[in-house]
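Note: hydrogens, waters and symmetry copies are ignored here, and every other heavy atom, side chains too, is used. Computed from a prediction, not measured in an experiment: that's the story for all the values here.
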Amino acid sequence: RGGGSRASSLTHATMSQKRAAEAGLPASKGGRVEAEAEPAGSEDRRILAQLCSEQGEKLGGPLDLPHNITPEQLQLLCNKLLSNEDEELPYSFFLNESEITEALSTSVEQQKLSSEEILTIVYQPQAVFRVRPISQCSATIPGHSDNIVDVYFSPNGQRLASGSGDCTVRFWDVHTQTPERTCKGHKNWVQCISWSPDGLLLASGSRDGEVRVWNAETGAEACKPLTGHTQYITWLAWEPLHSSATPQSSRLASASKDGTVRVWDFARVGSRMQFCLSQHTKNITCVKWGGEGLIYTCSQDTTIKVWKAENGALCRTLQGHAHWINSMALNIDHCLRAGPFNEHGEFEGDAREAARTRYQAVMAIAGKERLVTASEDNTMYLWEPAEAKKPVAPRMTGHQRGIMFVAFSPDTRLFASASLDKSVKIWDGRTAKFVGTLRAHVGPVYRVTWSSDSRLLVSGSEDSTIKLWDVKSCSMVMDLPGHSGSVYAVDWAPNGHLLASGGADKTLKLWRH
């Protein structure tokens, strides 16, 4: 038995040597991985490290690494150990939640860690595809006769819709970059729009208290106006496709200033309204439909409520904010929005099954459904609302004025907050720790949107500009002026090809690489 164990160890060491050599890191005796030539007197500085996935699964045994190994060399080694022979994948490496950006020894010294112990290095796969940064305005399209309040691309990125103060919803052709059709029916400002996850329907909510649902292909109304709210509509959320009881999206939640959320079901015969959520005491500012059968609402009454999507039963109330809540975001928002479509705007087979497969893949990375809430009290909280009433971490402070909007990155690891204090801040999506501040705007920031590879961020501001940011370095890549008034809405297509912006100048702008 002992001989077998030694043989196994020798085999493992030989394999480590072989893989390290293939990765361009010559291994010395005993399977030690060598980096570049080291200065005299430092050849004995070695670091024992264990590579682990985000879920805590160990990748092989502990590695005897040179102290000056770089992230690029770690990436080569990680790909070899994972046997990614066909295509090398990009990885980021973290030591105690801090990214390794230089030599490993630099991170060890900064954190004052002992080189006598086995250090745990967590590897995180990055998006294989890269979204090219937008750099120019490819079209300025007039059409609306009042402020553009909301713009959103369809889940596959092939269509674009906008809602405006001129009481209309417009569809735009992203290929010819021209107006496609105008949908009339609302009697007051269109406050919000939302695409169904299968991309077949678009819902719009207005200051007239009505919700209208449009056929994306024809522009005709898919059903009679959904009436019942007594004040204007503030937010719309569709049921995720993977949890839908029908092959197509059929359930929609609408939030209103009247303090209620109504859930509508288009598969019902007779009354479309399934149930009404009515325990908030003030304006409901946002509603989100989670992937695990829960609906989340936040309100100017300073509370967040968690409801069962099945029957509308109240599960719990989350409290902590001292002023009204302006916005909230789920870590899986991008996945639920894209439904069955991949980063190229395509899917194979059944749409519901494709959506379920994508959702499970994202949840394997995210671990849990997390919710961030942003308030007029200048603070935010991160919650795991399906499990607990208490926030994951102490409240996030740093903004000097109210926070208008929050958005999670598509990979679930970070989220961004846009504030009236003219700044955007980046935060860790698991621990709620502060990552960095993006400063360059000279007016309040109203909206942010992420690229689908989570590497870039765009912000829209009252200063009439949109700005492109590199998230890793927290630096501005490009300033994109062009609008002649406040920018209220920005959206990056899920397939990464185009970015749309709209605002007070009544024109829609499309931006591309």
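With hydrogens and angles disregarded, a donor-acceptor distance shorter than 3.5 Å links the side chain of Ser375 to the backbone of Trp324. Ser454 places a side-chain N or O within donor-acceptor distance of the main-chain N or O of Asp411, the cut-off being under 3.5 Å. Between the side chain of Thr465 and the main chain of Leu480, no donor-acceptor pair closer than 3.5 Å is present. For the pair Arg316 (side chain) and Val306 (backbone), a donor-acceptor distance under 3.5 Å is absent. With Asp470 contributing its side chain and Val477 its backbone, the two residues share no donor-acceptor pair below 3.5 Å. With hydrogens and angles disregarded, a donor-acceptor distance shorter than 3.5 Å links the side chain of His513 to the backbone of Pro133. Remark: the backbone N or O of Gly339 is paired with a side-chain donor or acceptor of Arg358 at under 3.5 angstrom. Distance alone, capped at 3.5 Å, is enough to place a donor-acceptor pair between the Thr449 side chain and the Trp492 backbone. Proximity of a side-chain donor or acceptor of Thr412 to a complementary backbone N or O of Asn331 within less than 3.5 Å is not detected. At distances below 3.5 Å, not a single donor-acceptor pair connects side-chain atoms of Thr373 with backbone N or O atoms of Met380.
Taking the six-membered ring where tryptophan is involved, the planes of Tyr123 and Tyr91 are perpendicular, since the angle between them exceeds 60° and thus also 30°. Relative ring orientation between Phe405 and Trp235 is described as tilted, the plane-to-plane angle lying within the 30° to 60° band. The aromatic rings of Phe347 and Phe341 lie perpendicular to each other, with more than 60° between the two planes, well past the 30° mark.
Going from atom CD of Glu117 over to atom CG of Leu48 covers 11.0 Å, rounded to the nearest 0.5 Å. The CD1 atom of Ile365 sits 11.0 Å away from the OG atom of Ser53 when rounded to the nearest 0.5 Å. For the atom pair Leu113 CG and Ser105 OG, the distance stands at 12.0 Å (nearest 0.5 Å). One finds the CD atom of Glu369 at 4.0 Å from the CD1 atom of Ile332 (value rounded to the nearest 0.5 Å). Distance check, rounded to the nearest 0.5 Å: OG1 of Thr297 to CD1 of Ile295 gives 9.0 Å. Between the OG atom in Ser461 and the NE2 atom in His441 there is a gap of 5.0 Å [rounded to 0.5 Å].
The heavy-atom pair separating Leu414 from Asp428 by the smallest distance is CD2-CA, 4.1 Å. Of all heavy-atom pairs between Pro385 and Tyr296, the closest is CG-CE2, 3.4 Å. What you find for Leu95 and Ser107 is that their closest heavy atoms are CD2-CB, 4.0 Å. Closest heavy-atom contact between Arg430 and Ala366: NH2-CA, 4.2 Å. Shortest non-hydrogen contact noted between Pro90 and Gln75 is CA-OE1, 3.7 Å. Between Leu63 and Leu77, the shortest heavy-atom distance links the atoms CD1-CD2, 3.7 Å.
A 6.0 Å sphere centred on CZ of Arg395 holds no more than 12 heavy atoms belonging to other residues, nucleotides or ligands. Within a 6.0 Å sphere centred on CD of Glu353, heavy atoms belonging to other residues, nucleotides or ligands number more than 12.
With contacts defined as side-chain heavy-atom distances shorter than 4.5 Å, the pair Glu376/Leu420 qualifies. Side-chain contact between Pro494 and Phe153: present, with at least one pair of heavy atoms (C-beta onward) separated by less than 4.5 Å. Considering only heavy atoms from C-beta on, Glu292 comes within 4.5 Å of Met363 through its side chain. Looking at Asn156 and Glu346, their side chains never come closer than 4.5 Å, going by heavy atoms from C-beta outward. Contact of the Val448 side chain with the Trp469 side chain is not registered, since no non-hydrogen atoms from C-beta on lie closer than 4.5 Å. Looking only at side-chain heavy atoms (C-beta outward), Phe93 and Cys78 come within less than 4.5 Å of each other. Put simply, the side chain of Lys472 does not reach to within 4.5 Å of the side chain of Gln126, judged on heavy atoms. Between Gln319 and Thr302 the shortest side-chain heavy-atom distance does not fall below 4.5 Å.
A salt bridge links Arg45 with Glu109: the distance from a Lys NZ or Arg NE/NH1/NH2 to an Asp or Glu carboxylate oxygen falls below 4.0 Å. For the pair Arg447 and Asp150, the salt-bridge criterion is met [side-chain N within less than 4.0 Å of a carboxylate O].
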Show, in sequence, the C-alpha distance, side-chain angles and deciding distance for Cys315 and Leu294, and conclude whether the side-chain contact (heavy atoms from CB on, under 4.5 Å) test is met. CA-CA 9 Å; Cys315 299; Leu294 295 171; 3.9 Å; yes
Between Leu314 and Lys305, does a side-chain contact (heavy atoms from CB on, under 4.5 Å) hold up when you go through it step by step? CA-CA 7 Å; Leu314 180 66; Lys305 292 187 186 292; 3.8 Å; yes
Report the C-alpha distance between Arg512 and Leu510 in whole Å, list the side-chain angles of each, state the deciding distance to 0.1 Å, and finish with yes or no for side-chain contact (heavy atoms from CB on, under 4.5 Å). CA-CA 7 Å; Arg512 60 184 289 277; Leu510 294 176; over 6 Å; no
Should Trp427 and Val406 be marked as a side-chain contact (heavy atoms from CB on, under 4.5 Å) after you check the CA-CA gap, both sets of side-chain angles, and the distance that decides it? CA-CA 10 Å; Trp427 312 80; Val406 282; over 6 Å; no
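Considering His399, Gln400, Arg439, Arg401 as possible partners of Asp421, the one that fulfils the side-chain hydrogen bond (donor to acceptor under 3.5 Å, both in side chains) test is His399.
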